[in-house]
Amino acid sequence: MRYDLVIFDNDGVLVDSEPISNRVLAEYLTELGHPTTYEESLRDYMGGAMHRIHDVVLERSGERLPADFDATFHGRVFEAFRRELEPVDGVGEVLGKLAADGDAFCVASSGSHERIRVGLRKSGLFERFGEERIFSSQDVGRGKPEPDLFLHAARVMGVAPERCVVVEDSVLGVRAAVAAGMDVYGFTAMTPAAALWEAGATGLFAEMSELPGLLHRAGEPSAELVE
């Protein structure tokens, strides 16, 4: 494989959490007097760190979210995760193939360390990573679309940015990878292919089973047409 490290986003790439967390977020923001639909939550917050929610609400309404917003939101999300969360279809096989081939990989997520671990444990993927290969925006302060998180993961893993590839499903995540000087493959399950392409994705894929082939054909034009 051309790359020395594969960096996976978590939500929507490893675990099928985006529908759950964005439903909970939209409901909670609406409850607090900031009417938000599920579609708007996906558009405005998917892939971002918690501070982005605070920043956007403050900018739009001039009001700050409650001091206990993060704790309450995470409590609701974790409760829903424990009931509903599943791994993304096919991702277990992809991780197994990478491990069998001796390819290094890690996870770098805008979510908190607790959120990442709750999701990976519920989905049965935690043992694929272990503590030493999990990175959170909490480690760097500035989440996606800033490049800090991906650069931090590469530095800790001992790999130069240009030797890394990121697997992302959000526009914010793709922008962060591009800013970090890394190739990035966009997973189109939750985000339109055109949006990920315009954000700078190196290539696109719709099914997780396509990813190993993409990684080993790095440098070739994407097979997916974007209208």
Side-chain angles (χ1 to χ4, degrees), residues 6-54 56-57 65-96 98-99 105-140 143-144 149 153 167-170 172-173 187-191 207-209 211:
V6 183
I7 303 176
F8 287 91
D9 176 43
N10 184 47
D11 295 296
V13 171
L14 297 177
V15 296
D16 195 16
S17 53
E18 294 291 9
I20 299 170
S21 59
N22 281 280
R23 182 193 73 218
V24 172
L25 178 58
E27 292 172 352
Y28 188 27
L29 288 175
T30 300
E31 176 187 318
L32 292 173
H34 305 285
T36 305
T37 66
Y38 170 75
E39 291 75 18
E40 289 169 340
S41 181
L42 289 174
R43 180 194 67 197
D44 297 338
Y45 305 118
M46 180 174 157
M50 285 299 295
H51 68 77
R52 178 176 174 82
I53 303 172
H54 292 264
V56 171
V57 169
L65 291 170
D68 65 348
F69 177 85
D70 290 14
T72 300
F73 171 63
H74 282 133
R76 295 183 182 188
V77 167
F78 295 164
E79 181 180 351
F81 279 3
R82 293 184 179 102
R83 293 194 309 268
E84 307 172 38
L85 190 64
E86 298 290 341
V88 167
D89 188 38
V91 77
E93 291 79 3
V94 170
L95 297 177
L98 290 174
F105 58 89
C106 67
V107 55
S109 170
S110 291
S112 67
H113 276 289
E114 182 181 12
R115 175 181 172 132
I116 298 168
R117 284 159 175 76
V118 167
L120 292 180
R121 287 193 172 100
K122 174 60 172 65
S123 61
L125 298 177
F126 180 80
E127 296 304 323
R128 298 284 192 179
F129 294 91
E131 295 291 343
E132 71 280 0
R133 289 188 286 156
I134 295 176
F135 304 97
S136 161
S137 61
Q138 288 181 314
D139 300 332
V140 294
K144 306 167 189 177
L149 174 58
V167 183
E168 265 287 354
D169 71 328
S170 74
L172 294 176
F187 183 36
T188 63
M190 291 289 295
T191 303
E207 300 290 339
M208 195 56 66
S209 59
L211 181 59

Heavy-atom pair of closest approach, residues [X] and [Y]:
X: Ile7; Y: Ala108; value: CG2-CB, 3.6 Å
X: Ala80; Y: Val24; value: CB-CG2, 4.4 Å
X: Gly47; Y: Ser170; value: CA-OG, 3.5 Å
X: Pro35; Y: Gly33; value: CD-O, 3.3 Å
X: Leu85; Y: Lys122; value: O-NZ, 3.0 Å
X: Ser137; Y: Ala49; value: OG-CB, 3.8 Å

Counting C-beta onward and ignoring hydrogens, is there a side-chain heavy-atom pair between [X] and [Y] closer than 4.5 Å?
X: Leu32; Y: Val57; result: no
X: Lys144; Y: Asp9; result: yes
X: Leu98; Y: Phe8; result: yes

As an exercise, state the distance from [atom1] of [X] to [atom2] of [Y], rounded to the nearest 0.5 Å.
X: Leu149; Y: Gln138; atom1: CG; atom2: CD; answer: 11.0 Å
X: Tyr45; Y: Leu29; atom1: OH; atom2: CG; answer: 5.5 Å
X: Phe81; Y: His74; atom1: CZ; atom2: NE2; answer: 8.5 Å
X: Arg43; Y: Thr36; atom1: CZ; atom2: OG1; answer: 9.0 Å
X: Leu42; Y: Glu18; atom1: CG; atom2: CD; answer: 7.0 Å
X: Phe187; Y: Glu207; atom1: CZ; atom2: CD; answer: 6.5 Å

By the definition side-chain hydrogen bond (donor to acceptor under 3.5 Å, both in side chains), identify the one residue from Asp11, Asn22, Asn10 that meets it with Ser17. Asp11
Residues forming a side chain to side chain contact (heavy atoms under 4.5 Å, CB included) with [X], sequence neighbours excluded:
X: His54; result: Leu65, Phe69, Asp70
X: Asp139; result: His113, Phe135, Ser136, His152
X: Glu93; result: none
X: Thr191; result: Met46, Val171, Ala195, Leu196

Other residues, nucleotides, ligands: >12 heavy atoms within 6.0 Å of Glu31 CD: yes
So does Glu132 have more than 12 non-hydrogen atoms from other groups sitting under 6.0 Å from CD? yes
Tell me whether Arg133 forms a cation-pi arrangement with Phe105, defined as NZ or CZ under 6.0 Å from the six-membered ring centre and within 45 degrees of its axis. yes
Could you check whether any side-chain N or O of Arg52 sits under 3.5 Å from a backbone N or O of Asp44, counting only pairs where one atom can act as donor and the other as acceptor? yes
side-chain contact (heavy atoms from CB on, under 4.5 Å), that's the test. Do Leu211 and Val6 meet it? Break it down for me. CA-CA 11 Å; Leu211 181 59; Val6 183; 5.5 Å; no
Would you say the side chains of Ser21 and Arg115 form a donor-acceptor pair under 3.5 Å? yes
Sequence neighbours excluded, the answer for salt bridge (charged side-chain N to carboxylate O under 4.0 Å, His left out) partners of Arg23 is Glu84
For Glu79, give me all partners under salt bridge (charged side-chain N to carboxylate O under 4.0 Å, His left out), at least two apart in sequence or on another chain. Arg83
Residues Arg76 and Glu27 bridged, charged N to O under 4.0 Å: no
